[in-house]
Every structure is written in C-alpha cells, then in structure tokens.
Amino acid sequence: AWSELVGIARHRGASLSSLLDKFGITQLHPFQALSIATTMRGRDVLVNQPTGSGKSACFQLPPLFNNELGIVVSPLISLMIDQDERLQKR
C-alpha cells in the first residue's frame, strides 16, 4: 500500500513526504497507508482503531492530496460519554 500511495501522490503532483511533514510524521502505519490508498482510489473506507493509533491521518491526508474538502463522521460525543462513564465507575 505504501508504494501505491507514493505513486498516487506523484501522479497527482503531490509529495507524500511534504504532506507527512505537515503532521510531523515521517512514515505511516500499514493500516494508514492502506486506508489512504483505498480512499485515493475512490473507495469508501471504515477505519476502526483505538484512540491514539493515528486515525486522523487516514481522513486528513486524502483531501490534501486533491486540495478538496473532506467530510468525517465521528461518534466523538459517544466516545466522550463512554469515557466519562468508565471514569465515574472507578
């Protein structure tokens, strides 16, 4: 997926390394590269990873490749409520 992503970036006139620099990272996890490459092929992607695993790059990078708007649906409020309830139980 990484080499495909580099090829997609090159084809679209973007530098993958310069885009990653904006996020302060030098490389992607395999699930990130696969998710981003799949999105760049025009396919829908569902990423289910734990908090802090790097999901943000999966939905922030594809619009940057195309200089487009990205729409993200996230259950953030549900997550916050769930975390609060777990803390209250402790």
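Source: prediction; values computed, not measured. Count residues from 1 along the sequence. No hydrogens, no waters, no symmetry mates; every other heavy atom, side chains included, goes into these values.
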Between Lys55 and Gln49, which heavy-atom pair has the shortest distance, and what is it? NZ-O, 3.1 Å
Summary of side-chain hydrogen bond (donor to acceptor under 3.5 Å, both in side chains) pairs that have at least one residue in residues 36-45, sequence neighbours excluded: Glu4-Arg41, Thr38-Arg41
How is the hydrophobic cluster of Val45 composed, in terms of its other members, when Ile, Leu, Val, Met, Phe, Trp and Tyr link through side-chain heavy atoms under 4.5 Å apart, directly or indirectly? Phe31, Val47
Sequence neighbours excluded, the answer for side-chain contact (heavy atoms from CB on, under 4.5 Å) partners of Leu64 is Leu19, Phe23, Leu61
Answer yes or no: are there more than 12 heavy-atom neighbours, outside Asn48 itself, under 6.0 Å from its atom CG? no
Taking all non-hydrogen atoms of both residues into account, name the closest pair between Ala57 and Ile36 and its distance. O-CD1, 3.6 Å
Please list, chain by chain and in numerical order, all residues satisfying salt bridge (charged side-chain N to carboxylate O under 4.0 Å, His left out) with Asp21, sequence neighbours excluded. none
For Leu87, the rest of its hydrophobic cluster, which grows through side-chain links under 4.5 angstrom: none
Distance in Å, Leu20 CG paired with Gln32 CD, rounded so as to fall on 0.5 Å steps: 9.0 Å
Separation between OG of Ser35 and CG of Leu46, rounded to the nearest 0.5 Å: 9.0 Å
Which residues satisfy the side chain to side chain donor-acceptor pair (under 3.5 Å) test with Ser53, sequence neighbours excluded? none
For residues 61-75, which residue pairs qualify under salt bridge (Lys or Arg N to Asp or Glu O under 4.0 Å), counting only residues two or more places apart or in two chains? none
